[in-house]
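Everything on this sheet refers to the single structure shown next.
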Amino acid sequence: MANRTLLGCTALVAMALTGPVLPATAAAQTSARELHAGTLEVPLNKSQIVTTDRAINKAMIGNASVADVLPLTDRSVYVLGKTMGTTSLTLYDAGGRVLAVMDVAVGPDVNSYQDQVTRLLPGSEIKASISGSSIVLTGLAKDPGEIDRAIQLARTYAGDNVVNLVGVGSSQQVMLEVKFAEVKRSIGEEVGVRGFAGSSDGTFNSAIGPGASVTSGIDPISGLPANVFGVSDITNSFGVFGKTFTAIGLNFDAYLDVLETKGFAKTLAEPTLVALSGEKASFLAGGEFPIPVVQSGRTGGDNAVGSVTVEFKPFGVSLGFTPTVLGDKTINLKVEPEVSSIDPAASIQLNGISIPGLQTRRASTTLELRDGESFAIAGLLQQDFQTTVNQVPLLGSIPVLGALFRSTEFQKGETELLIVVTPRLVAAIKPEQVVLPTDRVKDPDAVRTIMFGEAYDPKPAEEMQASQAEATEQVDDYEY
């Protein structure tokens with residue numbers, strides 16, 4: 001590689017030195033562009049040899065700290081790179097006339113780097129050149145992964161001084177097919193007892209059950225002030241039974257409420273996203289709910305201290321992914337799926353405003369797949385158990401009869417979420433390949449609509465399949 005660069009620089013010098021020797025006045029009129037022999041790239045602490053077809057009487061270097069020049073023969077000089085930078089080399093003949101002027105760039109060893117690229121990245125069109133103390137990469141790469149490997153290799157020669165000007169030959173588009181499958185199952189049982197007991201003469205009264213209370217009120221019979229016993233209302237129950245009876249000298253009003261719930265739900269979402277290699281795409285199927293926010297630490301304007309603003313938080317099925325297509329058509333994929341729903345059980349009360357909470361299942365992973373391969377994110381299983389027993393102390397612990405003095409609630413819920421992701425490499429299609437649902441509907445005919453009431457006239461499915469096959473065949477025969 002060094003020999004080829006040297007021959008190129010020598011050719012430039014030879015071109016500048018060919019032709020008859022000009023008089024001093026003519027040489028003074030020769031433009032600097034005609035005398036300029038190009039740029040000589042010298043790796044740091046390495047050398048290049050400049051050879052001409054005419055005798056060199058004197059060679060001058062602009063900055064001796066950047067490069068050093070030593071004569072070898074009357075037609076060649078030795079240039080050594082000392083420090084990174086640029087300078088100029090001027091060659092004179094025996095008559096003091098300028099033979100050639102060339103720029104000397106001392107920098108990283110791009111020749112060795114180019115050999116490494118050829119060996120480690122076969123078929124690569126990435127080229128390297130020196131710019132000051134940096135390596136400038138140009139050309140085209142097959143994919144972003146090849147660019148990344150070329151940059152990592154260049155950093156071994158120039159550290160962080162790498163300028164990337166490499167373009168991607170053709171953009172890769174990745175389509176991501178995602179399936180969300182969620183199954184919910186819930187079981188609930190509730191048995192409650194409520195009742196009143198009192199003596200006939202009114203000297204003893206009681207209330208048993210959830211929400212038992214005693215308040216001051218008016219006796220409905222005598223109209224005199226009296227204490228009123230009560231329990232919470234029975235609502236949203238499936239069965240309520242009541243019985244009035246007398247036992248052990250007391251009058252009883254007993255009510256039994258029973259409820260058993262069983263629920264099963266299945267949700268499925270199948271979003272499809274397309275993104276360029278290296279770019280992020282996102283998807284949300286759901287909505288947003290408002291959250292009041294009290295402003296603090298601000299004065300003036302609409303958001304003054306104490307004012308309330310509303311922010312919206314998203315919920316539902318969301319997906320974010322960033323694909324990167326590697327050299328062997330492997331797809332490096334960063335996936336961030338999330339499923340969230342409003343959970344009234346997690347709501348809070350703030351200044352009389354109910355703010356709902358969210359039940360969220362979120363995952364984030366990075367992996368590599370080939371075109372059409374799938375992977376599943378499973379194990380997102382959630383189980384909830386809740387048991388509540390309310391009873392009268394001592395009486396509720398009596399075997400069998402204690403059931404009359406307690407209320408029991410049992411809740412059990414199971415939720416499982418499965419996410420299946422399939423990436424595919426895709427390319428644009430021709431308009432002739434696109435078949436719309438409206439293509440099956442012919443234009444309406446006024447006479448048939450009036451006479452027979454036909455609002456539309458669909459084409460037969462066989463005709464649609466034939467036209468689609470013909471369009472595909474035409475596209476396949478098209479020369480790209």
Quiz prompt | Distance in Å, Thr330 OG1 paired with Leu367 CG, rounded so as to fall on 0.5 Å steps | solution = 11.0 Å

Practice problem: Kindly indicate, with the supporting measurements, whether the criterion side-chain contact (heavy atoms from CB on, under 4.5 Å) is fulfilled by Arg149 and Ser124. | Solution: CA-CA 11 Å; Arg149 292 190 292 273; Ser124 175; over 6 Å; no

Practice problem: Give the C-alpha distance, both sets of side-chain angles, the deciding distance and a yes or no for side-chain contact (heavy atoms from CB on, under 4.5 Å) between Val106 and Thr83. | Solution: CA-CA 7 Å; Val106 179; Thr83 59; over 6 Å; no

Quiz item: How many angstroms lie between NZ in Lys127 and CG in Leu165, if you round to the nearest 0.5 Å?
Solution: 15.5 Å

Self-check item: Of all pairs that satisfy side-chain hydrogen bond (donor to acceptor under 3.5 Å, both in side chains), the ones with a partner from residues 334-344, not counting sequence neighbours
Solution: Glu338-Arg362

Self-check item: Thr272 OG1 to Leu319 CG distance, which is reported to the nearest 0.5 Å
Solution: 10.0 Å

Quiz prompt | Heavy-atom pair of closest approach, residues Pro108 and Ala158 | solution = CG-CB, 3.7 Å

Self-check item: From Leu120 atom CG to Glu146 atom CD, the distance as rounded to the nearest 0.5 Å
Solution: 11.5 Å

Quiz prompt | Residue pair Leu140 / Glu125: nearest heavy atoms and the distance that separates them | solution = O-CB, 3.6 Å

Quiz prompt | Phe241: partners by ring pair (Phe, Tyr, Trp, His ring centres under 6.0 Å), with sequence neighbours left out | solution = none

Quiz item: What is the distance from atom CG of Leu153 to atom CZ of Arg119, rounded to the nearest 0.5 Å?
Solution: 9.0 Å

Practice problem: Without swapping roles, check the side chain of Gln48 against the backbone of Pro43 for a donor-acceptor pair under 3.5 Å. | Solution: no

Quiz item: Quick one: are Ile135 and Val163 in side-chain contact, heavy atoms under 4.5 Å?
Solution: no

Quiz item: Do other residues, nucleotides or ligands put more than 12 heavy atoms under 6.0 Å from Lys179 NZ?
Solution: no

Practice problem: May I have the step-by-step check of side-chain contact (heavy atoms from CB on, under 4.5 Å) for Val193 and Ile208, ending in yes or no? | Solution: CA-CA 8 Å; Val193 176; Ile208 300 174; 5.6 Å; no

Quiz item: Do Gln152 and Arg155 pass the side chain to side chain donor-acceptor pair (under 3.5 Å) test, and can you show the C-alpha distance, the side-chain angles, and the key distance before you say yes or no?
Solution: CA-CA 5 Å; Gln152 292 182 13; Arg155 286 174 178 166; over 6 Å; no

Practice problem: Please examine the side chains of Ile355 and Pro292, heavy atoms only from C-beta on, and report whether any two atoms are closer than 4.5 Å. | Solution: yes

Practice problem: Specify whether Tyr113 and Tyr157 have parallel, tilted or perpendicular ring planes, treating 30° as the upper limit for parallel and 60° as the lower limit for perpendicular. | Solution: perpendicular

Quiz prompt | Heavy-atom side-chain contact between Val174 and Leu425 under 4.5 Å | solution = yes

Quiz prompt | Phe375 side chain near Val335 side chain, heavy-atom distance below 4.5 Å | solution = yes

Practice problem: Would you name the heavy atoms of Leu284 and Ser318 that are closest together and state the gap between them? | Solution: CD1-CB, 3.8 Å

Quiz item: So, for Ala281 and Ala275, which heavy atoms are closest and what is the spacing to 0.1 Å?
Solution: CB-CB, 3.7 Å

Quiz item: Quick one: OG on Ser232 to CZ on Arg194, what's the gap to the nearest 0.5 Å?
Solution: 4.0 Å

Exercise. Sort out for me which residue in Ile419, Val421, Val178 forms a side chain to side chain contact (heavy atoms under 4.5 Å, CB included) with Pro337.
Key: Ile419

Quiz item: For the residue pair Thr422 and Gly372, what are the closest heavy atoms and their distance?
Solution: CG2-O, 3.7 Å

Exercise. Look only at the side chain of Asn63 and the backbone of Thr87, and say whether a donor-acceptor pair between them is shorter than 3.5 Å.
Key: no

Exercise. Start with the C-alpha distance between Val162 and Leu137, add both sets of side-chain angles, then the distance that settles side-chain contact (heavy atoms from CB on, under 4.5 Å), and finish with yes or no.
Key: CA-CA 8 Å; Val162 179; Leu137 303 181; 4.0 Å; yes

Exercise. Might you point out which heavy atoms bring Lys82 and Asn45 nearest each other, and give the distance in Å?
Key: O-OD1, 4.0 Å

